[in-house]
Structures are given as C-alpha cells and as structure tokens.
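See below for the structure under consideration.
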Amino acid sequence: MGLQVRLIEADEMDEWIQSLHIPFLASPPDEETRRYWRGHLEVDRTWLALDEGRTVGNCCIFTRDVTLPGLAGQPSPTARMAAISGVGVHTTHRRRGLLSRMMGVMHSDAMDRGEPIAGLLASEAPIYGRFGFGWATSTLRLTLPRRTTKLVHPAPELDLRLCSAEGTRQHLPALFDRLRSSRAGQVNRDEAWWADLWAPNPRRSGSFSERFFAVGEHGYTSYRATNSFSSEPTVLRVDDLFGATPEIEAGLWQYLLSVDLSDSIVASRPLDEPIRWRLEDPRSLAVSGLNDFLWIRVLDVAGALNARRYQTDGQLVFEVDPAPVWPDSDGQSGPDPAAGRWVLEAGPSGSSCRRARASESAELRLGAAELGAALLGGQDLRSRSFAGRVTELKAGALVRADSLLGTRPLPFSSTGF
C-alpha cells in the first residue's frame with residue numbers, strides 16, 4: 001500500500017480525531033473534543049494520510065462561504081469557499097511529500113465542486129504561502145481601560161436585551177447573516193457552529209465566565225468576564241461586536257463601557273475600528289497585537305474576481321506567477337490554475353475577467369499568494385511592491401490596481417474553522 005491519502009469512512013471519525021492531536025501537540029482528545037469534531041466533520045471532505053495502513057496525517061475541508069467586497073447600501077456578495085482545516089503530518093513522516101499530497105487532494109476536491117477560492121487559518125505562515133495562500137484579513141488586539149474611558153462623541157443608547165446562549169437560538173443566526181454582509185471577509189456559521197454555541201459545556205469557558213449576549217434589532221455583542229470576586233483585575237473579553245451601522249457599533253461599545261465590576265475590555269477588531277476617535281483620550285486605547293486571520297487561495301481567477309464588486313471603474317492586465325508548490329491529487333507538480341495573464345474590466349455596474357489575448361501585455365505581475373491577499377480588498381499591492389512581491393510593468397498600474405481592488409470598510413474575519 002505504501003503512502004496514501006484517502007477519504008475516511010463514516011466509522012473512522014474517531015481515528016481522524018485521535019490523529020489530529022499529534023501534529024498540533026495537543027492533549028489526547030477527551031469525549032467533549034470528540035463530540036465537537038463529530039458534529040463538524042464532513043465525511044466526504046475529510047482525509048487520512050496512511051503508511052501501510054497506519055495513520056500518519058490528517059486534513060479536512062468545511063463547506064463555507066465568505067463575504068466579498070460589495071457596494072455601499074447594498075448587501076455584499078458571497079463566494080463559496082473550501083475552508084481548509086485540521087492539516088497535520090505526524091513528526092515521523094515529515095519530508096515525505098504528504099503535506100503536498102493532502103493539499104493537492106483538497107485543491108482538486110474544491111475545484112471539482114466549483115469553489116473559486118480556498119481559505120485557511122495558517123498555523124505557520126511560510127508553509128501555506130508556498131501553496132499560493134495570501135494573508136487576506138487582519139485583526140487588531142485592542143484593550144480599553146473601562147473605568148476611566150470616556151466618549152467625547154456619545155453614541156446612541158440602544159434597546160438591548162441580555163440573553164443566554166440558548167436564548168439566542170431563534171434570532172441570532174439570522175441577525176449574524178444579515179450583519180456579516182456589511183464587511184468583506186466574514187465567513188458564514190453553519191448549523192454545527194451554532195449547535196456548538198448552544199450546547200452546555202462547563203469546561204469551555206476556562207478562566208472566563210460563560211458568554212453574555214446583549215442583543216438588539218440591528219446589532220449585538222457577546223462577551224465573557226474573568227472572575228470579578230478575585231483580587232485580579234476583571235477583564236471583559238469581547239467575542240463578537242456587530243452592528244448594521246458604525247453608530248450602532250459605537251452604541252455597543254458604550255454598553256460594554258457601562259458593565260460594572262469590570263476593569264478593562266479586550267477585543268479583536270478590524271484595522272479600521274473607529275472607536276478610538278470617539279474617546280476623550282485616544283491614547284487610552286492600547287493595541288497589543290496585529291495578527292493575520294483568513295488566508296485566501298484563488299482557484300478560479302475569473303470566477304473569484306467576477307463574484308466581488310468594485311467601487312471604482314478601471315481596467316487592469318495582470319500576470320500571475322504560479323505558486324512555488326502546486327501539487328495534483330498524487331502530490332506531483334502540476335499547472336497552477338491561477339497562473340497566466342488576465343484582463344479585469346470592472347466598476348460599480350459590473351465586471352468581466354478573462355484570459356488575456358496575445359496582444360494584451362501585462363501591466364502588473366504578482367504571485368498567486370498576492371492575488372489571494374488582494375481579493376478581499378484589504379492588502380494594498382503598492383506596499384507589497386516595495387517588498388519585491390509585486391512588479392509594476394507599466395507606470396501607474398499599481399495605483400490603478402489598488403484603486404480598483406481596494407474596499408472600505410476594510411475586510412475582517414471573526415469566525416474560525
């Protein structure tokens with residue numbers, strides 16, 4: 001049999017879950033961990049890597065969609081996305097091409113299903129850049145001192161209702177789906193995600209309380225707190241903060257600042273989070289980290305670029321260099337489907353993307369990873385050109401590309417997979 005990568009059988013979920021903890025250096029899975037993964041895994045998109053029948057690696061795909069850049073005042077479009085997760089090779093079998101074989105199998109599966117993009121959360125950035133995944137969304141880790149923070153521009157008082165997780169069952173999924181359409185980069189939450197939220201799990205919170213939900217008609221926030229009866233400062237950790245407008249989101253911040261017994265608020269927010277500019281002392285908002293989140297790999301260039309919207313008119317002829325590693329389902333090097341010259345003609349009224357003709361010369365050259373990073377509109381190509389990742393072949397093409405591909409608000413992802 002030798003080395004092989006194959007789909008699991010329905011009764012092999014526990015074998016896959018047992019394998020997962022090894023490359024991620026996690027404790028052996030307990031029953032709660034097994035219950036979680038059993039609820040999320042899709043049998044026809046979950047693979048084991050085997051050596052003579054012995055499990056030596058694992059990977060899976062979750063069927064998702066992601067919000068793409070849209071136009072102001074209109075619901076943003078979405079694109080189907082192969083959400084790659086649980087990828088690992090046991091230490092005993094590194095350097096044998098298993099990762100390439102697993103990535104090739106998953107890429108082939110996604111393209112066979114007509115998914116124009118793949119996405120993942122990168123455990124190690126250098127690994128997935130080689131396969132053409134680009135850093136597409138970022139998060140800022142923010143901290144606000146609650147007791148001394150004052151808003152110089154008061155936010156509206158919202159009519160909010162405090163709910164338990166179970167109490168959100170009837171309306172929060174629909175509210176989240178509506179609100180996520182306002183910002184590119186948001187990934188949908190399927191039934192398994194919500195079921196896990198509602199399932200009682202006394203160990204899930206760790207050192208934090210269970211979630212509190214403050215829910216209104218056009219926005220909500222969920223948060224947890226450290227033990228307010230200890231001698232340590234009490235921290236509110238914000239999990240979600242979504243509003244239909246910036247004013248509603250400001251109202252949610254104002255609500256969090258009114259939560260008694262808490263000393264500070266910690267949240268992961270978009271790069272363009274505006275709450276700083278409502279503060280009497282803008283310096284009081286501390287940034288403790290800037291992190292990557294969603295990485296995008298474009299599998300179908302025309303399909304992906306035609307699915308999103310554009311806030312300005314423009315045309316661009318660009319050349320995509322193949323990713324350093326593009327394996328087929330057998331792990332052998334194959335042609336990168338994103339590589340080649342492309343023509344994008346786009347504007348608020350619509351777009352067209354196609355292969356370039358022989359007479360159409362490229363104005364810009366970039367790698368597959370840079371194309372993935374630029375798709376959601378949050379990574380400017382001009383900055384990447386200074387780092388040698390993008391080459392301008394015709395003067396003015398970089399400015400035109402950033403104007404055409406950029407979007408506001410900046411993309412943001414808050415749902416892992």
Side-chain angles (χ1 to χ4, degrees), residues 135 137-163 176 179-180 182-186 205-216 218-294 378-380 383 406-416:
W135 175 341
T137 72
S138 304
T139 65
L140 286 179
R141 182 76 167 176
L142 308 179
T143 301
L144 267 177
R146 187 200 70 83
R147 296 179 185 273
T148 57
T149 295
K150 295 181 181 179
L151 299 185
V152 68
H153 299 298
E157 294 289 342
L158 304 178
D159 182 14
L160 299 175
R161 181 165 55 93
L162 278 173
C163 305
F176 171 80
L179 295 174
R180 79 178 180 99
S182 64
R183 192 181 285 268
Q186 289 293 355
S205 57
S207 60
F208 285 82
S209 69
E210 285 292 315
R211 286 187 181 95
F212 295 90
F213 294 83
V215 183
H218 300 295
Y220 78 95
T221 184
S222 66
Y223 56 95
R224 308 181 194 201
T226 55
N227 186 351
S228 61
F229 297 104
S230 72
S231 59
E232 298 296 322
T234 298
V235 178
L236 291 187
R237 188 183 74 185
V238 179
D239 292 326
D240 276 347
L241 191 153
F242 287 104
T245 67
E247 283 295 296
I248 292 173
E249 291 197 348
L252 294 169
W253 277 109
Q254 186 165 266
Y255 164 81
L256 292 169
L257 288 166
S258 72
V259 177
D260 289 334
L261 301 182
S262 60
D263 297 290
S264 62
I265 301 169
V266 175
S268 293
R269 298 295 295 158
L271 294 182
D272 55 356
E273 167 60 58
I275 190 61
R276 182 190 296 276
W277 311 117
R278 284 188 179 264
L279 304 181
E280 186 177 74
D281 179 8
R283 292 179 179 177
S284 65
L285 187 148
V287 176
S288 58
L290 187 159
N291 298 304
D292 59 286
F293 199 84
L294 182 63
Q379 302 284 353
D380 67 286
S383 296
T407 189
R408 290 294 185 275
L410 291 174
F412 176 61
S413 304
S414 58
T415 303

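Because the structure is predicted, anything quoted here is derived from the model rather than measured.
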Flag for Tyr223-Asp239: side-chain donor and acceptor within less than 3.5 Å |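 Judged by distance alone, the side chains do not pair up.
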
Give a yes-or-no answer on whether the side chains of Gln186 and Ser414 include a donor-acceptor pair shorter than 3.5 Å.
-> yes

Check for a donor-acceptor pair, side chain of Thr226 on one end and backbone N or O of Val235 on the other, with a separation under 3.5 Å.
-> yes

Can you find a heavy atom in the side chain of [X] that is under 4.5 Å from one in the side chain of [Y]?
| X | Y | value |
| --- | --- | --- |
| Leu241 | Glu249 | yes |
| Phe208 | Arg237 | yes |
| Val238 | Leu256 | yes |

Minimal non-hydrogen separation, [X] against [Y], with atom names:
| X | Y | result |
| --- | --- | --- |
| Ser182 | Pro409 | O-CG, 3.7 Å |
| Gly185 | Thr137 | CA-CG2, 4.2 Å |
| Leu160 | Ala214 | CD1-CB, 4.2 Å |
| Leu179 | Ala244 | CD2-N, 3.5 Å |

Residues in side-chain contact (heavy atoms from CB on, under 4.5 Å) with [X], at least two apart?
| X | result |
| --- | --- |
| Thr139 | Ser268, Asn291, Phe293, Phe412 |
| Pro282 | Arg276, Trp277 |
| Ala250 | Ala155, Arg278 |
| Asp292 | Trp135, Trp295 |

Atom pairs and distances, side-chain donor-acceptor, residues 258-267, under 3.5 Å, sequence neighbours left out:
{"unit_1": "Ser258", "atom_1": "OG", "unit_2": "Tyr255", "atom_2": "O", "d": "2.6"}
{"unit_1": "Ser262", "atom_1": "OG", "unit_2": "Arg146", "atom_2": "NE", "d": "2.9"}
{"unit_1": "Ser262", "atom_1": "OG", "unit_2": "Val259", "atom_2": "O", "d": "2.7"}
{"unit_1": "Asp263", "atom_1": "OD1", "unit_2": "Arg147", "atom_2": "NE", "d": "2.6"}
{"unit_1": "Asp263", "atom_1": "OD1", "unit_2": "Arg147", "atom_2": "NH2", "d": "3.3"}
{"unit_1": "Asp263", "atom_1": "OD2", "unit_2": "Thr234", "atom_2": "N", "d": "2.7"}

Taking only residues two or more places apart in sequence or in another chain, which ones pass salt bridge (Lys or Arg N to Asp or Glu O under 4.0 Å) with Asp380?
-> none

Report yes if the distance between the aromatic ring centroids of Phe176 and Phe242 is under 6.0 Å, otherwise no.
-> yes

Passes side-chain contact (heavy atoms from CB on, under 4.5 Å), Val152 versus Leu279? Steps please.
-> CA-CA 5 Å; Val152 68; Leu279 304 181; over 6 Å; no

Partner set under side chain to side chain donor-acceptor pair (under 3.5 Å) for [X], not counting sequence neighbours:
| X | result |
| --- | --- |
| Thr221 | none |
| Glu273 | Trp253, Arg269 |
| Arg183 | Asp272 |
| Gln379 | none |

Table please: side-chain donor-acceptor pairs of residues 283-290 below 3.5 Å, with sequence neighbours left out.
{"unit_1": "Ser284", "atom_1": "OG", "unit_2": "Asp281", "atom_2": "O", "d": "2.8"}
{"unit_1": "Ser288", "atom_1": "OG", "unit_2": "Arg141", "atom_2": "O", "d": "3.4"}

For the atom pair NE2 (His218) and OH (Tyr220), what is the distance rounded to the nearest 0.5 Å?
->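 Output value for this atom pair is 15.5 Å.
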
Would you please test Gln254 and Leu151 for side-chain contact (heavy atoms from CB on, under 4.5 Å) and show each step?
-> CA-CA 8 Å; Gln254 186 165 266; Leu151 299 185; 3.5 Å; yes

